[in-house]
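No experiment lies behind these values; they were computed from the predicted model shown.
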Amino acid sequence: MNKISSAGFLHPIVLLLVVLFIKIYAFQVVVFENTSFIHVLLVEFPMWALVLLAFMIFFKKRTWLAIWLYNLFLSALFVVVVYYTRYFSTVPSYYDVKQIYQSNSVGGTVALLGSPYDFLFFLDVVLVLPLIWLFKKNSTSFASAKRWAVGFGCIGLIMTVIAFRYPLIDVSYFAKKHGYIQSQFVQAYENSLGTAFASQEHMSEKELEQLKGNTYVPAAEHSTFGIAKNRHVFIIQWESLQEFTINQRINGQEITPNLNALLKESAYFDNVYQQIGAGNTSDAEWLMHTSLYPEGMDPTVNTIEGTEIPSLVWTLKKNGYGAATYHADDITYWSRDKLYPALGFDYIYTSDEIPNEKEIGFGPSDEVLFNFVDEQLPKQLKTHEKMYSNIITLTSHTPFEMPEEYEFLDLPENYKETYVGNYFQSVRYTDEQIGLFIEQLKKLGIYDESVILIFGDHSGLHGAPVTENDKILLKEVLGHKYNMQDRFVVPVLFTAPGLFNGETYSHLGGQIDLMPTLLNLLGIEHDTQMIGHNLFHYKKNLLGMRYYLPGGSFISDKTFYTAPSAKLPASIYDRKTMKKTKNTNGLQKSIDNTLSIMQYSDYIRKEQTEDK
């Protein structure tokens with residue numbers, strides 16, 4: 001048996017493990033800001049070392065090739081995790097590996113996420129490992145790898161068993177505390193059993209509203225019930241639109257002049273938060289059409305197995321509507337080829353039908369999209385007395401780079417060619433197209449007979465692409481430091497000519513509340529339970545968010561609470577001022593209530609999306 005020589009530190013296995021440890025330690029510092037040598041050695045390192053040793057044991061004839069490929073894979077994985085974390089502010093899981101083919105959604109921003117120092121993760125692959133091979137290729141064999149594997153295997157098993165004893169509420173925080181590999185095991189286990197957030201106790205509408213701090217009133221008794229009965233419905237889901245752009249000027253110009261004009265015939269909600277998960281835009285569609293929380297770490301579309309899902313679409317169709325959806329993207333992107341039929345749309349228009357003209361960013365421009373809608377509407381109105389049209393814009397998607405001829409804002413010099421400046425230009429462009437679309441509805445003679453819901457799907461300005469200079473520009477526009485309120489609040493307009501006269505509502509809401517609010521205006525009750533409520537009626541709320549805030553975070557009327565994450569401790573903010581506070585009164589109750597609501601939503605979603 002080959003034993004480690006007296007010069008033990010120079011033994012190939014020891015050298016390889018030391019190199020691996022340095023890489024794992026660097027990964028922990030960069031991603032989790034964890035500098036604890038003991039924690040990395042006992043919690044994070046053993047499982048990675050075990051995998052390396054297993055490769056060495058199983059690939060005896062190609063040991064050095066296996067070592068090199070393993071470290072190359074690890075280097076690439078760590079760089080991907082670093083980039084992902086910088087953009088999404090959360091640590092990716094194996095769920096996200098399943099979505100790697102959809103990475104073009106942020107492809108244009110990759111160059112903004114990197115640092116030359118990131119490539120130090122490849123230093124061992126191109127320099128250190130070749131040097132070890134060169135000087136040690138004829139020395140002691142790797143026969144002792146089995147003993148090392150047993151040792152690290154025992155430590156790794158103990159740490160994994162310990163990890164399974166803790167609830168996985170936030171994956172980033174869990175990965176920091178219990179190990180990245182262990183967090184993947186726990187996620188896979190909970191997902192396979194459906195145990196994560198899956199309470200099976202029925203909760204009544206009254207109980208739901210009590211958890212949010214409201215007194216329940218049946219929907220039919222709300223003052224807004226049915227005031228827009230039998231109107232056409234148009235929903236415009238606006239890519240990356242944030243609330244602070246509304247009624248905002250730059251260099252004396254309105255960023256959203258057409259939307260601002262619409263406010264005069266709208267009820268405007270200026271206090272509605274995004275609640276999407278890893279599915280981003282597709283999760284916003286899910287929230288809009290089901291009033292249920294998204295999955296979180298896994299895009300919700302991945303949970304759909306082909307069954308019909310109780311939705312806004314099915315409910316409207318039962319009440320005499322035809323239903324069409326428009327998105328100028330590949331229908332397989334985010335599995336919309338499964339989502340749209342499950343939701344019940346009669347007409348599905350994507351990149352296969354919408355002309356690939358005047359391409360900006362990821363597809364046809366919003367001008368082409370709305371022109372296509374204009375062409376389809378008259379045909380549909382011959383078949384259906386009432387139409388529901390779901391329109392998802394695309395042009396104002398990151399990285400917001402607009403052709404010069406479509407830059408409608410005359411920006412100050414210091415805003416030009418900045419991420420913030422590009423964002424404003426893209427929003428202004430889409431605003432122009434929506435203004436033209438409204439004019440077309442008027443020409444068709446159906447504007448006064450319609451309800452138009454316009455809302456932002458999620459933030460556009462977040463993550464590493466927002467540079468320090470961008471933050472200075474945002475402070476100049478906002479009058480204060482850009483904060484989570486600015487990032488997460490999306491605008492919501494219910495435009496209904498003759499019904500609204502520019503009222504602004506500051507009731508706390510989330511995207512989960514959009515469907516019940518719309519149905520209430522139409523005087524229609526949904527067949528199955530919704531988690532959201534009518535924003536016109538209820539003033540209090542309790543909102544959870546997955547993915548973009550740590551699990552266990554919540555937003556209430558007075559408090560914005562962020563649970564501990566991979567890099568930051570728990571924080572409590574006064575929601576009005578967004579200044580930190582130490583007031584913990586009722587904190588745990590709000591956390592528990594939020595988790596209860598989300599767990600119940602998960603139970604409903606699981607029941608509805610399982611293939612029956």
Exercise for review: Classify the side-chain pair His327/Glu285 by whether it contains a donor and acceptor separated by less than 3.5 Å.
Suggested key: no
Check your understanding: So, His384 versus Tyr347, ring centres under 6.0 angstrom or not?
Key -> yes
Review point. Closest approach of Asn251 and Leu411, non-hydrogen atoms and distance?
Key: ND2-C, 4.2 Å
Exercise for review: Could you please spell out the steps behind the side chain to side chain contact (heavy atoms under 4.5 Å, CB included) verdict for Ser335 and Asn302?
Suggested key: CA-CA 7 Å; Ser335 301; Asn302 288 347; 4.1 Å; yes
Check your understanding: How about Asp270 and Thr504: does a side-chain donor come under 3.5 Å of a side-chain acceptor?
Key -> no
Practice item. Run the ring-centre check on Tyr268 versus Tyr505 and record whether the distance is less than 6.0 Å. Key: no
**Study point:** Under-4.0 Å salt bridge between Glu295 and Arg546
**Key:** no
Check your understanding: About how many Å separate CD1 of Ile236 and OG of Ser389, when rounded to the nearest 0.5 Å?
Key -> 9.5 Å
Point to revise | Tyr548 and Asn280 side chains, donor-acceptor separation under 3.5 Å | key: yes
Exercise for review: Name all pairs fulfilling the side chain to side chain donor-acceptor pair (under 3.5 Å) condition that reach into residues 439-455, sequence neighbours left out, sorted by first residue then second.
Suggested key: Glu265-Tyr447
Review point. Is the centre of the Tyr600 ring less than 6.0 Å from the centre of the Tyr293 ring?
Key: no
Review point. Do Ile438 and Phe370 have side chains that get closer than 4.5 Å, going by heavy atoms?
Key: no
**Study point:** Exercise: do His526 and Thr528 side chains pair donor with acceptor under 3.5 Å
**Key:** yes
Exercise for review: Give the C-alpha distance, both sets of side-chain angles, the deciding distance and a yes or no for salt bridge (Lys or Arg N to Asp or Glu O under 4.0 Å) between Lys539 and Asp557.
Suggested key: CA-CA 9 Å; Lys539 296 182 179 180; Asp557 296 280; over 6 Å; no
Practice item. Please report the closest heavy-atom contact between Asp366 and Thr395, naming both atoms and the distance. Key: N-OG1, 2.9 Å
Practice item. Could you pull out the closest heavy-atom pair between Ala228 and Val451, with the gap in Å? Key: CB-CG2, 3.5 Å
Return a table of donor-acceptor pairs under 3.5 angstrom between the side chains of residues 491-501 and protein atoms on other chains or two or more places apart.
| from | atom 1 | to | atom 2 | distance (Å) |
| --- | --- | --- | --- | --- |
| Thr495 | OG1 | Ser266 | OG | 2.6 |

**Study point:** Whether over 12 other heavy atoms sit under 6.0 Å from Glu413 CD
**Key:** no
Exercise for review: Sorted by first residue and then second, give each side chain to side chain donor-acceptor pair (under 3.5 Å) pair with at least one member in residues 223-237; sequence neighbours left out.
Suggested key: Thr224-Asn520, Thr224-Asn534, Asn230-Lys386
Review point. Quick one: do the Asp330 and Ser351 side chains pair a donor with an acceptor below 3.5 Å?
Key: no
**Study point:** Test applied, ring-ring contact (aromatic ring centres under 6.0 Å, His included); reference residue, Phe400; option that passes from Phe424, Tyr429, Tyr406, Tyr423
**Key:** Tyr423
Exercise for review: Classify the ring geometry between Tyr538 and His533 as parallel (under 30°), tilted (30 to 60°) or perpendicular (over 60°).
Suggested key: tilted
Practice item. Return yes if a side-chain donor-acceptor contact under 3.5 Å exists between Asn422 and Glu401, otherwise no. Key: no
Practice item. Specify the closest pair of heavy atoms between Ala323 and Met387, including all atoms of both residues, with the distance to one decimal. Key: N-CE, 4.1 Å
Practice item. Locate the shortest heavy-atom distance separating Thr300 from Asp283; write the atom from each residue and the value. Key: OG1-OD1, 2.8 Å
Practice item. Carefully, step by step, assess Asn371 and Asp374 under the rule side chain to side chain contact (heavy atoms under 4.5 Å, CB included). Key: CA-CA 5 Å; Asn371 285 342; Asp374 292 339; 3.9 Å; yes
Point to revise | For the student: nearest non-hydrogen atoms of Gln433 and Glu367, plus distance | key: OE1-CB, 3.3 Å
Check your understanding: Within a reach of under 6.0 Å around NZ of Lys358, are more than 12 heavy atoms found that belong to other residues, nucleotides or ligands?
Key -> no
Point to revise | Pair Tyr326 and Tyr349, ring centroids less than 6.0 Å apart | key: yes
**Study point:** For Asp431, the option from Asn258, Thr245, Thr256 that meets side-chain hydrogen bond (donor to acceptor under 3.5 Å, both in side chains)
**Key:** Asn258
Exercise for review: Under the side chain to side chain contact (heavy atoms under 4.5 Å, CB included) rule, what do Ile531 and Ile604 come out as? Steps first, then yes or no, please.
Suggested key: CA-CA 9 Å; Ile531 298 299; Ile604 296 174; 4.0 Å; yes
Check your understanding: Does the pair Tyr216 and Leu208 meet the rule for a side chain to side chain contact (heavy atoms under 4.5 Å, CB included), with working shown?
Key -> CA-CA 9 Å; Tyr216 172 69; Leu208 273 173; over 6 Å; no
Practice item. With Leu312 as reference, evaluate Lys317, His289, Met530 under the side chain to side chain contact (heavy atoms under 4.5 Å, CB included) test and give the passing residue. Key: His289
Exercise for review: Starting from the C-alpha separation in whole Å, work towards a yes-or-no answer on salt bridge (Lys or Arg N to Asp or Glu O under 4.0 Å) for Lys540 and Glu209.
Suggested key: CA-CA 9 Å; Lys540 294 182 179 181; Glu209 288 308 323; over 6 Å; no
